Protein chains: 2
Amino acid sequence: MLKRRRATLKDVAESVGVHVSTVSRALNPETRHLITSDIVRKIAAASRALGYIPNTAAYSLRTTRTKIVGVVVPDITNSIFPPIIRGVEDALMEHGYATVLVNTDGGMEREAAMIEALAARGVDGLVIASVHRDDGRIRDLATQGTPVITVNRRMDDPTIPSVTSDEEDGVRRMLTHLAALGHRHICTIAGDQTISTGQRRHEAFMQIAPELGIEPDPANIVFASDFNESSGERCMEELLARGVEFTAVHCSNDRLAIGAISALRRRGLVCPTDVSVTGFNDMPMVDRIDPPLTTIRIQQHKVGYVAAELLYEQMRELSSRPVPQHIVLPVDLVVRSSTAPPPAIASKTVRRAVNRT
Amino acid sequence: MLKRRRATLKDVAESVGVHVSTVSRALNPETRHLITSDIVRKIAAASRALGYIPNTAAYSLRTTRTKIVGVVVPDITNSIFPPIIRGVEDALMEHGYATVLVNTDGGMEREAAMIEALAARGVDGLVIASVHRDDGRIRDLATQGTPVITVNRRMDDPTIPSVTSDEEDGVRRMLTHLAALGHRHICTIAGDQTISTGQRRHEAFMQIAPELGIEPDPANIVFASDFNESSGERCMEELLARGVEFTAVHCSNDRLAIGAISALRRRGLVCPTDVSVTGFNDMPMVDRIDPPLTTIRIQQHKVGYVAAELLYEQMRELSSRPVPQHIVLPVDLVVRSSTAPPPAIASKTVRRAVNRT
DNA sequence: CAAAAATATGCAAACGATTGCACAAGAGAT
DNA sequence: ATCTCTTGTGCAATCGTTTGCATATTTTTG
C-alpha cells in the first residue's frame with residue numbers, strides 16, 4: 001500500500017546474511033527455537049530496522065489461512081448488533097484477526113449469497129448473528145469443516161456451537177415482575193418463530209405464565225413477522241382489535257415493544273397508566289424513550305466477545321474436532337417506567353378505547 | 001475454506017485442454033477480447049461446471065491489490081455510524097470489495113495503530129469517519145498514494161477528498177426555526193473543535209446568529225469535550241451554573257442535546273416548555289425519545305455510499321492522481337417536540353431553577 | 001577418537017494467479 | 001507465392017511465504 005516497496009523476508013535475509021527460510025523461522029514464535037538465539041536477535045533487529053511487515057497475501061497463499069473472519073448480521077443498522085459486533089472485533093483483534101462484516105437483511109437467500117462471498121475470500125471462520133433455527137447452508141458449512149459459531153441466536157441442531165443469553169430466565173423475571181405488580185391479564189407479542197430468540201422466549205412465556213397463575217389464552221397471543229417497530233405496531237393493533245381484556249403486553253424484544261407503545265398511543269392509551277409494556281434486550285437508547293422501557297438486559301458486548309473466543313479456539317484446533325459448546329449468558333431485569341400496576345378498571349379502559357375507533 | 005480442494009485455473013485449463021494463461025485471460029473481462037470467443041465460451045462453461053472461484057490470496061500476491069478497503073470509525077456503537085457504514089458497504093460490495101471495520105475510540109494514537117494494521121493487511125483504500133481536522137498520519141498516507149476519503153468529517157487540508165453534509169445550511173435552518181418561534185436568548189453547546197463538524201457548526205452559529213438579530217455572547221457558549229450525552233449534561237450544567245438568561249439551547253449534535261435535556265430535567269426544567277433544545281444529525285431513535293428531538297437530518301446512508309463511490313474512482317484511476325473532490329450533501333430541518341415558543345417569563349424560570357440548587 | 005545423534009541452516013518446491021514475451025498460424029499486400 | 005502484419009495461444013517468470021528434506025556442523029557417546 002505504501003509507495004516505497006515494502007521490505008520482504010528476502011531483504012531482511014540479505015541484510016543479516018542468512019537465508020530467507022532462516023528469517024522466516026526466526027520470526028515465527030512456533031519455529032524460533034530451531035534457530036540460534038544470537039541469530040534470532042540479529043534478525044529481529046534487522047527486521048525492525050527495515051520495517052518488515054509480513055505480506056498477508058503470500059502468507060495466505062502458502063498456508064490457506066487468511067486471518068480474516070466473516071461476521072454475518074441481519075443489519076448493522078439495527079442497534080442491537082453494533083455492541084455485539086464490537087465484542088467480536090475486540091476479541092478477534094487481540095489474536096491478529098480482521099473481521100469482514102456483511103448484512104443479510106434477514107433473508108436466507110441473501111445470507112447464503114453473502115456467506116458464499118465470504119467463503120470465496122477464504123475466511124478462516126464465521127460468526128453468524130443472522131441464523132435461523134433451521135439453516136441448511138450453515139450446517140453444511142460446519143460439517144464441511146468450516147469453523148462457525150452463532151451468536152445471540154442458535155440453531156436447533158445442537159451440532160452448531162453458539163453463545164446466547166438466558167431467554168428463559170429473562171422471561172421468568174419479567175413475568176414475575178408483572179405478576180408482582182398485579183397484572184393477571186397479560187398479552188404477548190411473540191417474535192419470529194423461525195428464530196431461536198423468538199421461539200425460546202415464547203416457549204418460556206407459555207411455560208412460565210401458568211406457574212404464576214396466568215393462563216395463556218390464544219386470544220392473548222399474536223405473532224410478529226419481523227422484529228421491528230412497525231411489526232410491533234401491527235401486532236398491538238391486532239390485539240386491540242380483538243377486544244380482549246389485558247393490562248400488560250409482554251413483547252419478545254425492545255423494538256416490538258416500542259412499536260406497541262406507539263400503537264397504544266395512537267389509540268389514546270398511555271403506557272404504563274393504561275397498559276404496561278415490556279421489552280427484551282435493553283438495546284441502546286431504550287432508557288431514553290418515552291416511556292423509558294422496562295426490559296431484560298442481555299450482555300451484548302460479552303456475547304460477541306465470548307463467541308469470538310470460542311471461534312478462535314475452534315480455528316486453532318482445526319484438527320481435533322471439538323465438542324460443540326453452547327454458552328448461555330445470564331441476563332438482568334431492568335425496571336424502568338413502561339410498567340406499573342394495572343389500572344383498577346383496566347379492562348374497561350381498553351374496551352372503551354377499542355370501541356372508540 | 002471448503003473441505004474439498006477448490007478448483008483452480010489449472011483445473012479449468014486441463015478440463016478444456018488449454019493453457020492456464022488462456023483461462024486467466026478468458027475469465028477476465030479486460031483481456032477476454034484476446035481469446036477466440038468460442039474458446040471463451042468453453043472456458044466459461046468448464047469454469048462454472050467445476051465451480052471455479054478465484055483464489056484471492058494468489059490474486060493479491062500477484063497484483064498487490066486486495067479488493068479490501070478499510071473503514072475507520074470512532075465507535076460502531078455510536079448509532080450515527082452504522083447507517084454510514086452500511087452505505088459504504090452497499091456501494092463497495094457492488095464492485096466486489098470487502099470492507100474491514102476498525103474502531104478508534106476517538107484517539108488519534110489508536111487511530112494510527114488501527115490504520116497501521118489495515119495497511120499491513122494491504123487494503124486498497126481507506127474510508128475514514130474518525131478523522132480530525134488536522135491529522136498528519138492521514139495526510140502522509142494520501143501523499144504516499146493511498147486512496148483515502150473522509151466521510152461525515154473532513155480535514156482542513158483540502159487535499160484530502162471528503163463527503164460531508166451542509167453544516168452551515170443546517171445551522172441556518174435551525175437558528176431560523178428558533179428565531180421564528182420567538183427565541184432571542186440562545187445558548188450553544190459546541191462540539192469538539194478539533195473535528196470539522198464541531199468547528200463548522202460552531203462557526204456557522206457565530207456567523208448566522210447575528211444575521212438573525214441574536215448576538216452571541218461568550219457567556220452563552222460552552223464547548224463540549226466529547227460528542228456524547230454525558231458531555232452534553234456537563235455543558236448544560238455549566239450553562240445553568242452561569243446563571244445566564246436563555247430560552248433555547250442549540251447543540252452541535254443529537255447526543256449532546258440528549259444529555260442537555262437530561263441535565264435540564266434534573267434541575268426541574270422541562271423541555272420544551274421551559275427551554276427548547278435542538279440537535280444535529282437525526283440519528284436513529286431520536287424521534288422516539290422524550291421529547292422527540294427537533295434536529296437536522298443528514299443523509300447518513302448516502303454520505304457513506306457516495307464516499308465509497310468516490311473512493312472507488314480513486315482506486316481504479318490510481319495512475320492519474322485525480323483532483324480531490326469535496327462533496328457536500330444537503331440537509332433537512334425536522335421539527336419535532338423539543339422546540340417550542342419561549343415561555344413568557346423564560347429568563348425568570350431559568351433563574352429560579354438555578355437558584356433553587 | 002570414531003561413530004552416532006542431535007542441532008542449525010540452506011535449498012528448492014510449492015501455493016494460484018497474472019503478464020511480458022515468444023511463437024505459430026492465418027490474413028492481407030504485393 | 002513470398003513477405004509482412006495481425007491475432008490467438010503458450011511459456012515461464014514472478015509475487016513473498018512456508019516447509020519437507022538435505023546438508024553441514026556440533027555435540028554426545030561408547
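Order of the sequence lines fixes the chain letters, A, B, ..., with proteins taken first and strands second; residue numbering starts at 1 for each chain. Bear in mind that the values here come from a model prediction, so they are computed numbers and not experimental data.
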Is a side-chain N or O of [X] found less than 3.5 angstrom from the main chain of [Y], in a donor-acceptor match?
{"X": "A/Asp124", "Y": "A/Val69", "result": "no"}
{"X": "A/Thr36", "Y": "A/Asp38", "result": "no"}
{"X": "A/Ser60", "Y": "A/Arg65", "result": "yes"}
{"X": "B/Arg32", "Y": "B/Ala26", "result": "yes"}

Checklist entry - Taking protein heavy atoms under 4.0 Å as touching, what does nucleotides 11-16 of chain C look like 5' to 3' if B marks base contact, S marks sugar-phosphate-only contact and - marks none? => result BBBBBB

Item to check | Verdict with supporting geometry, A/Leu126 and A/Ile115, side chain to side chain contact (heavy atoms under 4.5 Å, CB included) | outcome: CA-CA 9 Å; A/Leu126 250 16; A/Ile115 289 182; 4.1 Å; yes

Next on the checklist: How long is the straight-line distance from CE of A/Met114 back to CE of B/Met93, given to the nearest 0.5 Å?
Outcome noted: 4.5 Å

Checklist entry - Atom CG in A/Asn152, atom CD1 in A/Ile128: separation rounded to 0.5 Å? => result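 The CD1 atom of A/Ile128 is 13.5 Å from CG of A/Asn152, to the nearest 0.5 Å.
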
Taking N or O atoms only and anything under 3.5 Å, show me the protein contacts with nucleotides 22-27 of chain D, one pair per line.
none

Next on the checklist: Suppose the criterion is ring pair (Phe, Tyr, Trp, His ring centres under 6.0 Å): which pairs have a residue in residues 30-85 of chain B, not counting sequence neighbours?
Outcome noted: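 Listed by first then second residue: nothing to list.
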
Mind listing the side-chain donor-acceptor pairs of residues 157-165 of chain A below 3.5 Å, one per line with the distance, residues two or more places apart or on another chain?
residue  : atom : partner  : partner atom : Å
A/Asp157 : OD1  : A/Thr159 : N            : 2.8
A/Asp157 : OD1  : A/Thr159 : OG1          : 3.2
A/Asp157 : OD2  : A/Arg139 : NH1          : 2.8
A/Ser162 : OG   : A/His326 : ND1          : 2.8

Checklist entry - With a 4.5 Å heavy-atom cut-off, do A/Thr66 and B/Thr56 have their side chains touching? => result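 Heavy-atom side-chain distance check fails, nothing below 4.5 Å.
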
Atom pairs, N/O to N/O, protein against nucleotides 23-28 of chain C, distance under 3.5 Å?
none

Next on the checklist: In terms of relative ring orientation, are A/His95 and A/Tyr312 parallel, tilted or perpendicular, with 30° and 60° separating the classes?
Outcome noted: parallel

Item to check | Distance-minimising heavy-atom pair for A/Arg153 and A/Pro74 | outcome: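 So the minimum-distance heavy-atom pair works out to NH2-CG, 3.9 Å.
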
Checklist entry - Among residues 30-43 of chain A, which residues get a heavy atom nearer than 4.0 Å to DNA chain D? => result none

